Amino acid sequence: DANKKSQYALQTLTTWLLDLEREGTIDNELATVISSIATACKQIGSLVNRAGISNLTGLAGETNVQGEDQKKLDVISNEVFSNCLRQCGRTGIIASEEEDQPVAVEETFSGEYVVVFDPLDGSSNIDAGISVGSIFGVYEPSPECRIEDMDDPEAMMQKCVLNVCQAGNELLCAGYTLYSSSTILVLTVGKGVYGFTLDPLIGEFVLSHPDIKIPEKGKIYSFNEGNYQSWSKEQQAYIDSLKDSSQWGGKPYSSRYIGSLVGDFHRTLLYGGIYGYPGDAKNPNGKLRLLYECAPMSMICEQAGGAGSTGFQRVLDIVPTKVHERQPLFVGSKWEVEYLESVLQNKPAP
Ligand code: P6P
């Protein structure tokens, strides 16, 4: 019976995207952009897994716009991501953590999606073989900022920046790929969160985590407590509270922090609890970048039933004023994020 679903029918990222196209949730152009991102992640995963034996660990000898020393793999991953997005012909503008300014893509011929990404987040962990990841978000181009006057570089640059600085609420797609014990691509197109594990034997991302839902409440907090002294007293009170077993039936929260956002976030998404990078005395807006770290992670978390907050407002409501703008980030189970907001804002706990 040709219509009977074969027991061997693999649900892969490719077939999942085709199903979304069939139901009209996404169009072919967006499906093509997402496929090109998956191809970039496969290549980056392969480079990361062999970094130690192909002389790709260590510094590239340059610094990025963030003033951070770029690792060799930061530079290569950025080129891999940009090349895949250019070659797919559906990307109009790209903004990368590794590039000072967003760039208009000449190779576009059908569909002009805006893609923001951190090609290799947490790369300081590479040399120690600790999990790293790629983070991405996809927007529609802003209708009022169509890139036509390519001959005026200044005007075009301004339009590129305007296209990129959209609130997270406008994201059509947000996702990350975790390069760890396995390579897992997790994404949402606004109808739930789906995870795909790379099967290296066939080179396909196979559906492994259908419709991920984050636990309502967790038992893990993920913060860099080395910054405790420079946090606000409310922030300190929040962490002190999670460690006070008398408040939690005798069992305090556990602390887990690997210093790699994608790894810390993925564990929080699956096990529950909260990941936070607060602002502090030195950096009131914290360290993470709104456009390609805070907003995509917040969309994924909300789509999985959790929350994404700066402690004072919903991350997805914020319209960036600068491409590399930073914001404090608290993502995780709804209860822990709401409890954090209540403590930071001196309001009653949920
Ligand atoms: P800290 C990695 O550099 C990163 O951007 C995130 O991946 C990670 O969560 C955070 O910074 C770690 O920062 O200050 O705790 O080392």
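Here the structure is a predicted model, which is why all the values come from computation and not from measurement. All ligand and atom numbering here is 1-based and tracks the order in the structure.
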So how far is it from R256 CZ to I220 CD1, rounded to the nearest 0.5 Å?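 It is 6.0 Å, given to the nearest 0.5 Å.
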
Any donor-acceptor pair under 3.5 Å from [X] side chain to [Y] backbone:
{"X": "S333", "Y": "E336", "answer": "no"}
{"X": "Q235", "Y": "W231", "answer": "no"}
{"X": "T188", "Y": "G192", "answer": "yes"}

State whether the number of non-hydrogen atoms from other residues, nucleotides or ligands found under 6.0 Å of Y271 atom OH is greater than 12.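 Check fails, neighbour count at 12 or below.
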
Is a salt bridge present between D74 and K71, judged by a nitrogen-to-oxygen distance below 4.0 Å?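 Looking at D74 and K71, the cut-off is not met.
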
Report all protein residues having a heavy-atom distance below 4.0 Å to some atom of ligand 1; order the list by chain, then number. D121, G122, N224, Y257, G259, S260, L261, Y275, Y277, K287, L288, E293

